[in-house]
Structures are given as structure tokens and as C-alpha cells.
**Student:** 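Quick one: structure below, then a few questions.
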Amino acid sequence: MRLLKLCTTMAAALVVAGAASAASPPVKIGISLSLTGDFADPGKAAQRGYQLWAAEINKAGGLLGRQVEIKVVDDASSPDQVVTNYQNLITQDKVDIVFGPFSSLLTIPSARVAKRYGYAFIEPAGGGPKVFQQHLDNLFFVQPAPVVKGGDVFADYILALPADQRPKTAAYAKLDDPFAAPIADYVKGRFEAAGIKTVYDQTYPSESADLTPIVSGIAAANPDVVVSGTQSSDAFAQVKAMIQLKFNPKWLFMSNGANSPTEFPDKVGAKNTEGVFSSSDWYPDSPVAGNKEFIAAYIAMYGGSAADIDSTSAEAYSAGMILEEVAKKTGSIDNATIIKTLHNGAWHTLVGDLSWDADGAPNGEYLLVQWIGGKMLLVYPASVAQHPPIAPKPAWGG
Amino acid sequence: MPWSLHALVQAVILGVLTGGVYALMASGQTLIFGIMKVVNLAQAAFVVLAAYLTYSLFTLAGIDPFLSILITTPILFAVGVAIQWTLLRVLRPEDAAELSLLVTFAAALGLEGLLELVYNTTFRSIQPGYENFSWTVLGYQVNMVRFFAFLLSLTMLGLLYLILHRTKFGRAVRATVQNPMSAQLLGVNPQRVAALGFGLGAATAAAAGAIFGLISPFNPGSHYDLISRLLTIVVLGGLGSIGGSIIAALVMGVGSAVVAALASPIWSDFAFFVVLLLVLLLRPRGLFGARVRGAI
């Protein structure tokens with residue numbers, strides 16, 4: 001009797017599921033990504049994350065029983081094109097959901113388009129201050145904290161040192177970019193409040209391919225700690241210049257570029273990475289629930305190894321996870337419901353459990369990583385550290 | 001801001017060495033302009049192409065970047081000749097000067113696209129192991145690669161001078177520049193001279209590319225920033241004057257480095273443009289620009 005009941009329930013469920021997939025059209029998700037231009041590489045990394053999430057959820061029966069269909073259009077890294085793209089996706093393709101593009105530069109105008117049409121804007125790669133200064137309630141940044149706080153965890157570590165072991169002087173060298181300079185400025189604010197003297201503070205434009213003159217200015221000021229607000233190639237150029245000028249600070253923190261597991265050792269030489277600090281939200285060894293499955297699925301779909309996975313892919317995948325959780329919780333993928341729901345509670349992703357303030361800025365903190373023995377290891381906070389932080393920094397090439 | 005003699009001297013050293021690298025890049029640019037009155041917007045793309053070739057020769061075959069200049073120079077020469085022959089030769093002489101801007105820019109975009117297809121947009125750098133080595137001289141750091149680059153650019157510029165002044169081809173080039181009609185009457189084939197001259201200009205990018213790849217990370221889009229620098233150097237030096245472009249490159253190198261190290265990196269390019277504007281206001285043909293058409 002019980003068996004019969006089970007069978008009928010299952011049959012009924014199958015019918016419902018069958019009816020749902022036959023009757024309901026796929027969930028269309030529109031995304032503008034930089035497949036060409038300056039952001040082409042991270043843009044493609046984001047695309048891999050989104051596509052992987054869609055493939056996984058479709059394998060598991062879809063979103064609320066509907067298959068997910070992702071439409072990616074190229075914005076060539078242009079803030080003008082990205083606006084046109086989202087407008088077309090929403091008004092012409094009539095997508096159900098939109099996810100964010102790559103970089104703050106492109107997120108800022110596109111989030112406004114989404115807001116105008118009442119769409120939720122879950123975005124994995126726009127965390128500069130101007131993104132949140134728009135005060136949009138439909139925006140949710142899928143990383144642990146706003147980008148300006150990328151160096152906060154380094155300040156935590158330094159300021160937790162006993163007073164006699166702390167650096168006395170600091171230099172700040174930063175790229176003129178909303179994604180880079182504010183990180184160093186934020187650390188500077190905390191260091192100055194704690195009495196660490198600023199002996200050098202300069203911003204350089206993105207055209208400065210050669211950073212040797214800047215580093216020669218830093219070397220002349222001879223600070224204990226260097227905090228670099230870097231993006232990618234400028235981090236490599238700073239390291240090269242420091243080696244050439246034989247300048248080795250006791251602590252060196254670089255916001256981005258130095259946290260790329262494959263690119264950084266490749267560009268500056270593996271032996272020159274030793275002791276450099278950076279911060280990160282996702283790395284292959286992360287113990288977060290679902291990470292192992294994500295890595296296995298990623299390798300099955302794209303090949304390579306865990307070390308080849310860009311954190312942007314994990315962040316884009318996490319955007320999908322959030323949508324999935326909202327759908328599960330509310331039984332709806334209506335944009336107004338998504339926006340309302342996400343403003344409460346914490347949401348599990350590959351970059352930790354996320355919650356947001358009213359402007360979409362996440363309330364968490366990044367993790368401090370340091371290059372030790374050729375590997376990027378988690379060194380702070382101590383509760384999750386894989387290795388204690390090393391200071392002073394070993395000599396270049398040593 | 002630390003304003004000490006030591007910092008100033010170090011910045012000047014950096015500037016002179018960097019200026020030498022730019023002089024090498026700009027020499028091809030000014031040569032091509034001198035011969036054909038073509039502002040070659042693809043010159044920086046040639047440099048980036050050469051950097052990638054050097055990168056591949058080093059990573060795939062283990063050939064030293066300085067040694068690979070011997071291989072890349074003929075390749076770049078051939079690329080230059082091919083581009084001149086297929087794209088520039090067909091322009092009508094009346095509007096060649098204007099159209100060549102568009103054509104060479106198109107060539108630059110084409111090269112950039114091709115490099116993106118082959119190498120992606122990831123930044124690359126050539127790392128033979130000595131790329132960051134510096135000598136300490138009296139407490140100042142002198143980077144070895146930049147020092148050799150400086151010597152190399154002087155050598156290349158010397159070779160260019162010899163080619164232009166001591167060979168039959170050089171005489172044909174200069175004759176074509178001064179008076180194409182008479183040169184033709186005397187048996188010089190201007191088409192051939194133009195193609196070879198363009199090739200020669202492109203060939204100088206081979207050495208420049210190897211050095212560029214050693215001193216800074218690059219990707220296919222790197223040519224935009226480079227070309228704007230090369231153009232300002234060539235304009236400051238006087239279009240068509242190789243000697244002028246060397247002086248201009250040094251002025252830019254030292255000026256930028258000193259301003260960046262002692263004042264602010266934000267002002268370093270601006271300072272150079274101020275110098276450029278002043279020179280153009282007082283001396284519209286540039287520091288060493290030819291008064292008569294075509295004196296190289």
C-alpha cells in the first residue's frame with residue numbers, strides 16, 4: 001500500500017515535471033561580457049563560470065523545472081556598448097534575468113539600465129566605490145566585500161602585530177583606477193590613524209608602462225611597508241622595477257595581479273614571488289562547501305587543472321548559485337521578489353556566505369594570502385590560515 | 001616628497017637609459033617619414049609584433065632575446081616591405097600622405113587582431129633570467145638590459161646612418177627624398193626605394209621589440225600607448241630627423257623619469273607635452289626638423 005502510494009506520488013511528480021518542461025519556456029538569462037578588448041581575458045573567464053553554472057543546473061533539472069538558456073553578447077570592453085547590450089537584452093530579447101558584466105567601469109552604467117527596467121542586478125565583478133555610490137537597491141556584488149576593502153585584511157594583520165614589530169613608515173603606489181587606487185587609500189587611512197607615517201603616496205596613470213621612476217621615488221623614501229593599489233600588469237612592472245633598483249621592503253602588499261595563481265609567477269619569475277602579500281576571495285584550495293564539486297565540473301567541461309581556474313569564473317558561477325537559492329526559497333524568479341529576498345539573510349556561494357547593505361555592498365571581508373615556497377597560501381585571519389604570515393619579506397629571488 | 005641629489009641622479013640615469021630605448025623605436029618612425037612622408041601608425045605595432053616573435057623564439061626554442069634580433073630583423077623587414085607593397089604602393093600620390101595614416105592604422109589594428117588570436121590578451125614578458133639584473137655603480141642602480149639597449153640603439157642608429165650615407169641604396173633613398181622626379185630620371189626606381197625604405201624602418205622595430213619585451217609586460221594592445229609616445233618624440237625631434245628623434249627621446253625619457261620620481265607620475269607625461277607645445281610654438285618644425293623638404 002505504501003509502495004503504491006509512493007509510486008503514485010512519483011508518477012504525479014513526473015507528470016508535473018514533464019508538464020512543466022513541456023509547457024514552460026526556458027529561463028532566459030542575458031549577460032553582456034567583454035569577449036574582446038581590454039577585459040577580454042577576465043570577460044571570457046566570467047563566461048566560463050556562467051556557462052558552467054547553467055550546464056550544471058540544467059543537468060539537475062533546471063531552475064524551477066525550467067531549462068536555463070544563457071545569452072552572452074560582446075561589449076568589446078566599452079561602457080557605451082554595454083548599455084546598448086543590456087537595453088537590447090531586456091527590451092528586445094526579453095530575457096527573464098540579467099547578470100553583470102566584467103569590471104566596475106561596465107557595471108556602473110549597466111546596473112542603472114537594469115534598475116530602470118526593474119531587473120535585479122547580481123554582478124560578480126563590479127566592486128569599485130562608484131558602483132555603490134549609485135545607491136541602487138537592485139544591485140548585489142558577488143564578492144565578500146567592496147573592492148576598496150580589498151586591503152582591509154592586510155591592515156587587520158599589520159595592526160594586530162605587537163607595537164614594536166609594526167612598520168613605522170609606509171609608501172603607497174597606486175594605479176589611477178576605481179578598482180585599484182581606493183584599496184591603497186583605505187589601508188592608508190587605517191595605517192595613518194594607527195600612527196604609521198606616510199613617506200610616499202603617488203597615483204600613476206594607466207599609460208605608465210615603465211614604473212621604474214616611481215619605484216625609484218619609493219626607494220628614496222625607504223619605507224618599511226609598501227602598499228600597492230595594483231590591477232594586473234602594473235603589479236608585475238612594480239616588482240620588476242623593485243628588483244632592478246634593489247629595493248626590498250619588509251612588507252609588500254599588492255591588491256591585484258599578485259593574487260593570480262598562474263600569471264604572477266609567470267610574469268615576475270616564481271622565485272621573485274616569495275613573501276609578497278595579496279588578498280583574494282576564491283582560490284583552488286578553498287574549503288568552502290561546493291568548491292570541490294565546482295572544480296571537478298570545471299575541469300570536466302574545460303579541461304586543465306584547478307590552478308588554471310580564474311577566480312572570476314568562481315564569482316560568476318556564484319552569481320548563478322545565488323539566483324538558484326532565491327528560486328528555491330521563494331519558488332519564483334520574478335525580479336521584484338529576487339531584489340526583496342536578497343536584502344535579507346546570508347547566501348551561500350563559492351566566495352563565502354554573502355549578505356549586502358542597502359547599496360549592494362557585501363558585508364564580509366577578503367582573505368589575506370602570501371606567496372610562500374612558490375605557492376599562494378592563506379595566512380590571515382589565523383582561524384582559517386594555512387600558514388603563519390612571513391615577515392620581513394625575504395630578499396628578491398631568495 | 002624626497003628631493004635629494006641621489007634620487008635626482010638615479011632618475012636621470014633611468015631616464016637616459018629609457019630614452020635610448022625610445023630613440024631606437026622612434027628612429028624607424030622618423031626614417032619612414034623622411035623617405036616617404038608617411039606617418040606610419042603601425043610602427044608601434046611592429047615593435048609589439050617583434051616582442052612577441054622574440055617571446056616565442058625564447059620560450060619555444062630557447063633563443064636569447066638579444067641573439068634573436070638577428071632572426072627577427074629580416075622578418076620585420078619582410079613584413080614592412082609586404083605592407084608597403086600591398087597597402088601603400090597602391091595609393092595615388094595626390095592623397096597618399098593623408099590616406100597612409102588610415103592605411104597604416106588599419107595595418108596596426110590588423111596586426112593587433114592577429115596577435116590577439118595567436119597569443120590572447122594576456123600580458124607576456126620575456127624572462128631569460130637576467131632581465132632584472134642591475135649593476136650598482138657608486139650607489140646608483142644601472143639596469144643591464146637597459147644599458148645594452150642603449151648601446152644597441154646607438155649601434156643601430158649608427159648603422160642606419162652608414163646605410164643612408166655610405167651605400168648606393170642610401171644615396172637612392174636620399175635622392176628620392178630630395179627630388180623624386182630627378183631621381184627617377186637618373187635611374188632610381190622610387191617604388192623600390194619606398195618599399196625597401198619602409199622595410200628598413202620596420203626592421204628597426206625588431207631590436208626595439210626585443211628590448212621592449214624585456215623591460216615591460218606587454219599585450220597586443222600595448223601599441224596604442226607606444227605609438228602616441230613615438231609620435232610625440234618624432235614631432236619634438238623634427239619629422240624626418242633621426243638625430244632629432246634621439247635628442248627628443250632622451251628629453252622625454254629624462255623629463256618623464258625626473259618628474260615621476262621627484263614630483264608625481266601623474267604629471268610626468270603632462271610635463272613632456274608642455275615641452276612639446278612650447279617647442280612647437282617657438283619652432284614649428286621641431287628641434288631639428290628639416291627646413292628643406294627631405295633632408296635626412
Side-chain angles (χ1 to χ4, degrees), chain A residues 34-44 77 171 173-176 199-222 232-237 239-247 257 260 262-263 265-272 396-397, chain B residues 1-4 6-8 10-11 13-15 17-18 21-22 113 116 120-125 127 129 131-134 136 140-146 212 214-222 224-226 228-229 253-254 256-270:
Chain A
S34 308
L35 304 178
T36 54
D38 288 352
F39 306 134
D41 281 354
K44 284 176 193 156
S77 312
K174 60 230 182 188
L175 175 70
D176 187 11
V199 291
Y200 182 96
D201 180 17
Q202 289 293 341
T203 307
Y204 48 87
S206 60
E207 308 85 79
S208 332
D210 182 14
L211 299 180
T212 332
I214 293 153
V215 172
S216 81
I218 300 175
N222 195 26
S232 70
S233 69
D234 59 322
F236 316 145
V239 168
K240 281 172 86 90
M242 285 187 196
I243 302 168
Q244 289 177 18
L245 293 166
K246 301 197 175 109
F247 170 66
S260 159
T262 44
E263 258 206 296
D266 185 50
K267 297 303 170 290
V268 303
K271 60 189 196 314
N272 292 321
W396 293 110
Chain B
M1 191 50 46
W3 181 276
S4 66
H6 185 276
L8 179 69
Q10 179 70 65
I13 293 173
L14 287 172
L17 295 179
T18 312
V21 180
Y22 281 117
E116 262 175 31
N120 304 325
T121 54
T122 323
F123 280 91
R124 314 270 170 173
S125 55
Q127 298 181 80
E131 71 279 5
N132 293 323
F133 180 80
S134 297
T136 307
Y140 298 103
Q141 305 305 328
V142 180
N143 178 241
M144 189 183 78
V145 168
R146 284 173 207 240
F212 180 64
L214 281 168
I215 62 176
S216 56
F218 57 95
N219 77 358
S222 300
Y224 294 107
D225 287 336
L226 265 185
S228 62
R229 261 161 231 264
V254 173
S256 306
V258 168
V259 175
L262 303 178
S264 157
I266 292 281
W267 298 112
S268 73
D269 287 343
F270 179 76

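Hydrogens, waters and symmetry mates are skipped; everything else that's a heavy atom, side chains included, is used. Letters A, B, ... mirror the listed sequences (proteins, then strands); counts begin at 1.
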**Student:** What are the two closest heavy atoms between Pro217(B) and Ser233(A), and how far apart are they?
**Tutor:** CG-O, 3.8 Å

**Student:** Ser232(A) versus chain B, heavy atoms under 4.5 Å apart: side chain, backbone, both or neither?
**Tutor:** side chain

**Student:** Determine whether Ile215(B) and Lys240(A) make a side-chain contact, defined as any pair of heavy atoms from C-beta on separated by less than 4.5 Å.
**Tutor:** no

**Student:** Can you say whether Ser222(B) sits under 4.5 Å from chain A via the side chain, the backbone, both, or neither, judging by heavy atoms?
**Tutor:** neither

**Student:** First locate atom CZ of Phe123(B), then atom CG of Asp266(A), and finally report the distance between them rounded to the nearest 0.5 Å.
**Tutor:** 13.5 Å

**Student:** Any side-chain heavy-atom pair from Gln10(B) and Leu245(A) closer than 4.5 angstrom?
**Tutor:** yes

**Student:** Which value, rounded to the nearest 0.5 Å, describes the distance between Phe133(B) atom CZ and Lys246(A) atom NZ?
**Tutor:** 6.0 Å

**Student:** Nearest 0.5 Å please: distance from the CD1 atom of Ile214(A) over to the OG atom of Ser264(B).
**Tutor:** 8.5 Å

**Student:** Please examine the side chains of Ser216(A) and Leu14(B), heavy atoms only from C-beta on, and report whether any two atoms are closer than 4.5 Å.
**Tutor:** yes

**Student:** Between Lys267(A) (side chain only) and Ser125(B) (backbone N and O only), is there a donor and an acceptor less than 3.5 Å apart?
**Tutor:** no

**Student:** Please state whether the side chain, the backbone, both or neither of Leu214(B) comes within less than 4.5 Å of a heavy atom of chain A.
**Tutor:** backbone

**Student:** Which atom names give the shortest non-hydrogen contact between Thr203(A) and Pro265(B), and what distance separates them?
**Tutor:** O-CG, 3.3 Å

**Student:** Do you know which of Ser134(B), Gly113(B), Ala260(B) has the most heavy-atom pairs under 4.5 Å to chain A?
**Tutor:** Ser134(B)

**Student:** Assess whether side-chain contact (heavy atoms from CB on, under 4.5 Å) is satisfied between Thr212(A) and Arg146(B), documenting all intermediate values.
**Tutor:** CA-CA 11 Å; Thr212(A) 332; Arg146(B) 284 173 207 240; 3.0 Å; yes

**Student:** Looking at Glu131(B), Gln127(B), His6(B), which one has more heavy-atom pairs under 4.5 Å with chain A than the rest?
**Tutor:** Gln127(B)

**Student:** Looking at side-chain heavy atoms only, is the closest gap between Gln244(A) and Gln141(B) below 4.5 Å?
**Tutor:** no

**Student:** Checking Val268(A) against chain B: side chain, backbone, both or neither under 4.5 Å from a heavy atom?
**Tutor:** backbone

